[in-house]
S.K.: 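After the structure tokens below, expect a handful of questions from me.
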Amino acid sequence: MDLLYSWEIHVIQHLQANYGGYQDFLYFMSAVGDPRNIFSVYFPLWVQLSQNLGIKMIWVAVIGDWFNLIFKWILFGHRPYWWVRETQFYSNLSAPQLQQFPITCETGPGSPSGHAMGSSCVWYVMITAVLSYSRLTKEKSQSIVYWLVWSILWLVFWIIQISVCASRVFVATHFPHQVVLGVIGGILVAEVFEHIPSIQAARLKTYMQINLFLFIFALGFYLVLKLINIDLLWSVRKAKKWCANPDWVHIDTTPFAGLVRNLGALFGLGLAVNSQMFLQSCKGENGGKTRFKMMCVASSLTTLQLFDLVKIPTHVELVFYVLCFCKSAMIPLTVVALIPYSVHLLMGSTENKVD
């Protein structure tokens with residue numbers, strides 16, 4: 001692997017030396033691929049346009065990120081910013097110098113890339129949903145238009161994935177092969193969920209059972225390996241040791257932070273779609289109205305921006321993880337149940353006044 005890493009270090013150096021002027025754009029694309037934005041940006045937008053798509057998006061994001069965590073623990077992938085500081089590959093030669101940035105110091109293992117995997121799975125879900133709708137509504141005379149749309153959408157998909165991958169390599173948080181594995185993994189997970197329509201009708205009990213399985217498996221896997229003296233948190237120590245600025249190391253990038261965030265989101269979705277508030281609003285007479293959908297989208301995005309202002313204390317890890325779970329659960333619960341129900345009541349009271 002050291003030989004592969006050394007070749008890929010040249011790619012990182014090339015990007016940093018020649019594309020520094022595109023730093024703001026690459027930062028933005030890294031944010032586009034951030035798995036956390038699936039819950040706070042993509043999901044609120046799409047769930048009001050298509051409830052089935054929104055539900056599938058959360059399932060794909062959660063299961064995809066869970067597999068990403070398990071594979072990270074299995075593959076023990078290094079990250080460029082610490083590998084160049086620890087490797088003995090260069091022996092007497094001076095080690096290459098890599099720039100670090102505020103978003104460089106991820107604390108989990110590097111392979112496969114979570115940003116690349118999250119980005120590819122969620123965009124794959126969105127594009128296949130749009131194409132499926134286009135296929136259902138197209139007429140024979142519009143077949144050329146359909147294939148033109150098909151080509152454009154998949155071109156956009158790959159432009160976004162390549163840009164996200166380049167951004168993660170540029171900031172030296174991933175080697176090139178790690179982002180490629182992430183993209184492939186995300187597409188595979190999303191494609192599997194294309195053939196599991198049963199998630200749309202899942203009851204709260206099913207959500208809780210899946211949540212419990214994911215948590216017990218991940219925790220059990222961690223404890224079993226710890227018993228045989230394999231520490232799966234080795235990467236956290238390396239991040240703290242080699243990050244150029246200690247303030248760039250954040251607890252919310254640790255493996256367990258991602259796990260509880262995803263479990264919280266899935267649990268919150270289960271509560272939301274099985275609530276009376278959801279049935280009366282999104283499944284009621286207002287659910288198909290454009291005004292209702294637009295009001296829900298605007299309210300959801302505004303509310304979630306306020307959520308981001310609430311910072312979870314990080315002094316005690318256990319408290320942080322519990323609060324992170326609760327905060328993540330509140331996102332789909334707010335977007336799918338609380339806000340639509342409030343808008344439903346508001347529209348009802350407004351219509352009564354008009355009458």
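Here the structure is a predicted model, which is why all the values come from computation and not from measurement.
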S.K.: Taking all non-hydrogen atoms of both residues into account, name the closest pair between Ile339 and Ser300 and its distance.
M.R.: CD1-CA, 3.5 Å
S.K.: Once rounded to the nearest 0.5 Å, what's the spacing between atom CZ of Arg79 and atom CG of Leu98?
M.R.: 14.0 Å
S.K.: Crowded around Phe67 CZ? As in, over 12 foreign heavy atoms under 6.0 Å?
M.R.: no
S.K.: Is any side-chain heavy atom of Phe267 less than 4.5 Å from a side-chain heavy atom of Pro332?
M.R.: no
S.K.: Could you name each residue pair satisfying salt bridge (Lys or Arg N to Asp or Glu O under 4.0 Å) that touches residues 45-66, not counting sequence neighbours?
M.R.: Lys56-Glu194
S.K.: Testing the basics here: between Ile160 and Ser119, what is the closest heavy-atom pair and its distance to 0.1 Å?
M.R.: CG2-OG, 4.1 Å
S.K.: Answer yes or no: is there a side-chain heavy-atom contact under 4.5 Å between Val164 and Ser30?
M.R.: no
S.K.: Out of curiosity, Leu266 CG to Asn211 CG, how far, rounded to the nearest 0.5 Å?
M.R.: 4.5 Å
S.K.: If you round to the nearest 0.5 Å, how far is CG of Leu223 from CD1 of Ile216?
M.R.: 11.5 Å
S.K.: Got more than 12 heavy atoms from elsewhere within 6.0 Å of CE, Met294?
M.R.: yes
S.K.: Any donor-acceptor pair under 3.5 Å linking the side chain of Lys205 with the backbone of Ala202?
M.R.: no
S.K.: Using modelled atom types only, decide if a donor and an acceptor are shared between the side chain of Ser132 and the backbone of Ala129 within a distance under 3.5 Å.
M.R.: no
S.K.: Please check if Leu148 and Trp158 belong to a single hydrophobic cluster, counting links between Ile, Leu, Val, Met, Phe, Trp and Tyr side chain heavy atoms closer than 4.5 Å.
M.R.: yes
S.K.: Please examine the side chains of Val180 and Cys165, heavy atoms only from C-beta on, and report whether any two atoms are closer than 4.5 Å.
M.R.: no
S.K.: Are Val41 and Leu309 in one and the same hydrophobic cluster, where Ile, Leu, Val, Met, Phe, Trp and Tyr link if side-chain heavy atoms are under 4.5 Å apart?
M.R.: no
S.K.: Apply side chain to side chain contact (heavy atoms under 4.5 Å, CB included) to the pair Val47 and Leu53, showing each step before the final yes or no.
M.R.: CA-CA 6 Å; Val47 73; Leu53 175 59; over 6 Å; no
S.K.: Please report the interatomic distance NE2(His250) to SG(Cys243), rounded to the nearest 0.5 Å.
M.R.: 8.0 Å
S.K.: Per the ring-ring contact (aromatic ring centres under 6.0 Å, His included) rule, which among Trp248, Tyr81, Phe170 passes with Phe101?
M.R.: Phe170
S.K.: Quick one, Ile103 and Tyr27 - any side-chain contact, counting heavy atoms below 4.5 Å?
M.R.: yes
S.K.: Side chains of Met57 and Phe39, heavy atoms from C-beta outward: is any pair under 4.5 Å?
M.R.: no
S.K.: If hydrophobic clusters are built by linking Ile, Leu, Val, Met, Phe, Trp and Tyr wherever their side-chain heavy atoms come under 4.5 Å apart, do Leu181 and Ile162 end up in the same one?
M.R.: no
S.K.: Distance-only, no hydrogens or angles: does the Ser151 side chain make a donor-acceptor pair with backbone N or O of Trp147 under 3.5 Å?
M.R.: yes
S.K.: Fit a plane to each ring of His177 and Phe175, take the angle between them on a 0 to 90° scale, and name the class: parallel (under 30°), tilted (30 to 60°) or perpendicular (over 60°).
M.R.: parallel
S.K.: Taking all non-hydrogen atoms of both residues, which atom of Phe25 and which atom of Ser163 are closest, and how far apart?
M.R.: CZ-OG, 4.1 Å
S.K.: Is the closest side-chain donor-acceptor distance between His344 and Gln280 under 3.5 Å?
M.R.: no
S.K.: Measure the shortest side-chain to side-chain distance between Gln178 and Pro112 over non-hydrogen atoms and say whether it is less than 4.5 angstrom.
M.R.: no
S.K.: Side chain to side chain contact (heavy atoms under 4.5 Å, CB included), that's the test. Do Trp73 and Ile230 meet it? Break it down for me.
M.R.: CA-CA 10 Å; Trp73 280 348; Ile230 298 178; over 6 Å; no
S.K.: OG of Ser275 to CG of Leu338: how many Å apart, nearest 0.5 Å?
M.R.: 8.0 Å
S.K.: Any donor and acceptor pair, going by atom type alone, linking the side chain of Gln200 with main-chain N or O of Asn52 inside 3.5 Å?
M.R.: yes
S.K.: Checking Asp252 against Arg261 for the salt bridge (Lys or Arg N to Asp or Glu O under 4.0 Å) test, could you report, in this order, the C-alpha distance in whole Å, the side-chain angles of both residues, the deciding distance, and whether it holds?
M.R.: CA-CA 9 Å; Asp252 63 352; Arg261 183 170 55 245; 5.5 Å; no
S.K.: Quick one: do Leu306 and Phe43 end up in the same hydrophobic cluster if we chain Ile, Leu, Val, Met, Phe, Trp and Tyr together by side-chain heavy atoms under 4.5 Å apart?
M.R.: no
S.K.: Please report the closest heavy-atom contact between Ser6 and Phe89, naming both atoms and the distance.
M.R.: CB-CE2, 3.3 Å
S.K.: Can you tell me if CZ on Phe76 sees more than 12 non-hydrogen neighbours from other groups inside 6.0 Å?
M.R.: yes
S.K.: For this output row, return yes or no: ring centroids of Trp66 and Trp59 closer than 6.0 angstrom.
M.R.: no
S.K.: Under the ring-ring contact (aromatic ring centres under 6.0 Å, His included) test against Phe256, which residue among Phe320, Phe215, Tyr222 passes?
M.R.: Tyr222
S.K.: Other residues, nucleotides and ligands only: do more than 12 of their heavy atoms fall within 6.0 Å of CZ on Phe71?
M.R.: no
S.K.: When you measure from the side chain of Asn68 to the backbone N and O of Gly64, does any donor-acceptor pair fall under 3.5 Å?
M.R.: no
S.K.: If we ignore hydrogens and angles and just use 3.5 Å, is the side chain of Lys226 paired with the main-chain N or O of Asp231 as donor and acceptor?
M.R.: no
S.K.: Check for a donor-acceptor pair, side chain of Thr107 on one end and backbone N or O of Thr254 on the other, with a separation under 3.5 Å.
M.R.: yes
S.K.: Can you classify the ring geometry of Trp82 versus His78 as parallel (below 30°), tilted (30 to 60°) or perpendicular (above 60°)?
M.R.: perpendicular
S.K.: I'd like to know whether the aromatic ring centres of Phe157 and Trp123 sit less than 6.0 Å apart in this structure.
M.R.: no
S.K.: Got a donor-acceptor contact below 3.5 angstrom from the Gln48 side chain to the Cys296 backbone?
M.R.: no
S.K.: With a 4.5 Å cut-off on side-chain heavy-atom distances among I, L, V, M, F, W and Y, is there a chain of contacts connecting Ile70 to Phe193?
M.R.: yes
S.K.: Got a sec: does the CZ of Phe307 have more than 12 other heavy atoms crowding it under 6.0 Å?
M.R.: yes
S.K.: Kindly give the heavy-atom pair with the smallest separation between Val171 and Gln16, and that separation in Å.
M.R.: C-NE2, 4.3 Å
S.K.: Apply the test side chain to side chain contact (heavy atoms under 4.5 Å, CB included) to residues Val122 and Val60: give CA-CA distance (whole Å), side-chain angles for both, the deciding distance (0.1 Å), then the verdict.
M.R.: CA-CA 7 Å; Val122 74; Val60 168; over 6 Å; no
S.K.: With a 4.5 Å limit on heavy-atom distance, are the side chains of Val189 and Tyr124 in contact?
M.R.: no
S.K.: Could you check whether Glu106 pairs with Arg168 (Lys NZ or Arg NE/NH1/NH2 to Asp/Glu carboxylate O, under 4.0 Å)?
M.R.: yes
S.K.: Are any of the side-chain heavy atoms of Val11 and His14 separated by less than 4.5 Å?
M.R.: no
S.K.: Do other residues, nucleotides or ligands put more than 12 heavy atoms under 6.0 Å from the CH2 atom of Trp7?
M.R.: no
S.K.: To the closest 0.5 Å, what do you measure between CD1 (Ile38) and CH2 (Trp46)?
M.R.: 14.0 Å
S.K.: Using modelled atom types only, decide if a donor and an acceptor are shared between the side chain of Gln100 and the backbone of Ala172 within a distance under 3.5 Å.
M.R.: no
S.K.: Apply side chain to side chain contact (heavy atoms under 4.5 Å, CB included) to residues Trp154 and Leu131 and explain how you reach the verdict.
M.R.: CA-CA 10 Å; Trp154 283 117; Leu131 290 176; 3.2 Å; yes
S.K.: Would you check if the side chain of Ser120 reaches a backbone N or O of Val183 as a donor-acceptor pair within less than 3.5 Å?
M.R.: yes
S.K.: Do you know the tightest heavy-atom contact between Ile9 and Pro80?
M.R.: CD1-CB, 4.2 Å
